[in-house]
Amino acid sequence: MSMIQIPSINPRTGLWLLLLSGMALPVLAQQTRLDWPRTFTGQPDFEFTRSDIIKDATESATRQGQPVPTPPTLEDLLDDVELTPLDAPVIASPAGTEEVQDATADAATTKAARGNILPLLQAEREVDMSEFKTMLHAALKQQVDAYHIDPVRTDTSYLLRNLILQTVVTSPIQYAMINGKRYSVGETLQVPLSLGPSDVEQLALLETLMPPPESMTPSLYAQYEEAKEQVVATLASRKQSQPTVYQKTFTLPVTLVGVAPRKVQVQFQGQRYELALPYRY
């Protein structure tokens with residue numbers, strides 16, 4: 001039989017080959033290994049199985065001397081009963097379990113239970129209208145503060161009737177005595193006037209502040225109507241006892257433009273008027 005000759009290896013050379021081969025193996029392994037991410041490791045916070053639950057429930061019932069509970073079957077789960085929570089209140093039994101009242105329970109009990117859960121939206125209630133009335137009164141005051149005279153629409157020529165011409169002097173100096181004060185040609189006197197929004201304008205303002213009727217029930221809107229009528233009554237009473245409460249004071253200029261015997265000519269709001277000296281009998 002032929003023999004295979006193994007060449008002799010220098011001990012020192014063989015040692016170096018072994019060391020090199022041993023160092024090469026880890027390098028090769030490090031280059032070919034895939035480091036997968038380590039996920040889903042450790043114990044989850046809630047990990048249980050159906051058998052564990054049945055086991056725990058059986059042991060707990062045995063310790064308490066109660067019947068061993070049996071898990072529901074698929075047929076039990078499919079055989080469900082539709083319940084209306086508002087019509088079937090939950091009643092706690094002395095044993096600590098909860099059972100649903102039958103749908104044919106007494107009507108009065110069902111209504112009481114529903115009332116304890118949710119309020120009836122149809123229930124009418126009295127609303128405090130004090131803030132609403134305060135808002136209406138404040139709006140009327142703001143209307144007076146913002147009021148201004150429209151010279152085109154407002155005829156104030158009647159104010160000239162309040163000017164009493166007392167004396168007319170044409171020589172040697174022209175002047176006139178009006179309301180106890182002397183005025184020369186070209187001078188201006190101020191006529192006071194208290195004026196404010198009309199009744200129609202005030203009532204129209206209150207109507208714009210009313211809530212939309214379609215946004216509430218008729219009975220609730222009737223409460224707003226009653227509150228508005230109370231404000232209107234207060235408005236009428238105040239205007240009768242203190243007319244200047246809802247009026248604003250203005251001063252209108254009247255300029256003396258001509259002096260003649262027994263007549264004086266003035267200019268008021270762009271027009272000229274004559275003040276006649278009254279006859280004394």
Side-chain angles (χ1 to χ4, degrees), residues 129-210 224-281:
M129 292 293 172
S130 57
E131 293 186 3
F132 178 69
K133 291 188 290 187
T134 301
M135 183 267 293
L136 294 183
H137 284 296
L140 291 173
K141 183 179 182 303
Q142 293 176 0
Q143 186 185 36
V144 174
D145 295 339
Y147 181 79
H148 65 279
I149 298 178
D150 187 355
V152 177
R153 300 175 54 186
T154 306
D155 183 13
T156 56
S157 59
Y158 65 90
L159 293 175
L160 299 178
R161 295 196 298 264
N162 297 328
L163 302 180
I164 306 301
L165 181 59
Q166 299 165 323
T167 304
V168 178
V169 178
T170 58
S171 178
I173 302 175
Q174 292 182 343
Y175 68 88
M177 295 289 297
I178 302 175
N179 291 350
K181 189 175 180 180
R182 176 175 170 174
Y183 293 94
S184 301
V185 176
E187 292 184 339
T188 301
L189 61 150
Q190 302 293 333
V191 180
L193 172 64
S194 294
L195 199 62
S198 63
D199 296 343
V200 176
E201 293 173 332
Q202 290 175 321
L203 294 178
L205 173 64
L206 296 180
E207 286 296 333
T208 60
L209 297 176
M210 290 291 292
Y224 280 94
E225 281 283 357
E226 182 180 359
K228 184 198 68 175
E229 293 301 327
Q230 293 175 1
V231 173
V232 172
T234 304
L235 173 65
S237 177
R238 288 180 180 177
K239 293 185 72 171
Q240 187 173 10
S241 59
Q242 299 176 339
T244 58
V245 173
Y246 296 100
Q247 291 181 349
K248 193 174 179 180
T249 302
F250 302 90
T251 54
L252 303 181
V254 178
T255 304
L256 184 64
V257 295
V259 176
R262 304 187 64 85
K263 289 183 180 181
V264 171
Q265 194 174 38
V266 297
Q267 184 173 342
F268 178 64
Q269 291 186 337
Q271 297 184 8
R272 293 195 174 192
Y273 300 88
E274 289 187 356
L275 301 180
L277 183 66
Y279 290 94
R280 293 185 179 180
Y281 298 97

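Just so you know, residue 1 is the first one in the sequence shown, and it goes up from there.
The shortest side-chain heavy-atom distance between I149 and L193 falls under the 4.5 Å cut-off. Residues H137 and T234 have side chains in contact (heavy-atom distance under 4.5 Å, counting atoms from C-beta outward).
Of all heavy-atom pairs between V185 and V257, the closest is CG1-O, 3.7 Å. Summarising the geometry of A176 relative to V264, their closest heavy-atom pair is CB-CG2, 3.8 Å, with the distance given to 0.1 Å. G180 and Q166 get closest at one heavy-atom pair: N-OE1, 2.7 Å. The minimum heavy-atom distance between V231 and L136, with the atom names listed, is CG2-CD1, 3.9 Å. Between T170 and A260, the shortest heavy-atom contact is CG2-C, 4.0 Å. Closest approach of A227 to F132, counting heavy atoms only: CB-CD2, 3.9 Å.
One distance of note links CE of M177 with CG of L165; it measures 10.0 Å at 0.5 Å rounding. Atom CD of E201 and atom CD of Q143 lie 6.5 Å apart (nearest 0.5 Å). In this structure, OG1 in T244 is found 12.5 Å from CG in L195, a value given to the nearest 0.5 Å. Taken to the nearest 0.5 Å, the CZ atom of F268 stands 8.5 Å off from the CG atom of L163.
In this structure, Y246 has no ring-ring contact (aromatic ring centres under 6.0 Å, His included) partners at least two apart in sequence or on a different chain. The side-chain contact (heavy atoms from CB on, under 4.5 Å) test applied to A139 returns L205, L209, not counting sequence neighbours.
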In sequence, state the C-alpha distance, the side-chain angles, and the governing distance for L206 and L140, and then conclude on side-chain contact (heavy atoms from CB on, under 4.5 Å).
CA-CA 8 Å; L206 296 180; L140 291 173; 4.1 Å; yes
Could you check V168 against K263 for side-chain contact (heavy atoms from CB on, under 4.5 Å), going step by step and ending with a plain yes or no?
CA-CA 7 Å; V168 178; K263 289 183 180 181; over 6 Å; no
Under the side-chain contact (heavy atoms from CB on, under 4.5 Å) rule, what do K239 and D199 come out as? Steps first, then yes or no, please.
CA-CA 10 Å; K239 293 185 72 171; D199 296 343; 2.3 Å; yes
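Note on residues 173-196: pairs passing side chain to side chain donor-acceptor pair (under 3.5 Å), not counting sequence neighbours, are T188-T255.
The closest donor-acceptor contact from the side chain of K248 to the backbone of D145 lies under 3.5 Å. T134 places a side-chain N or O within 3.5 Å of a backbone atom of S130 that can act as its donor or acceptor partner.
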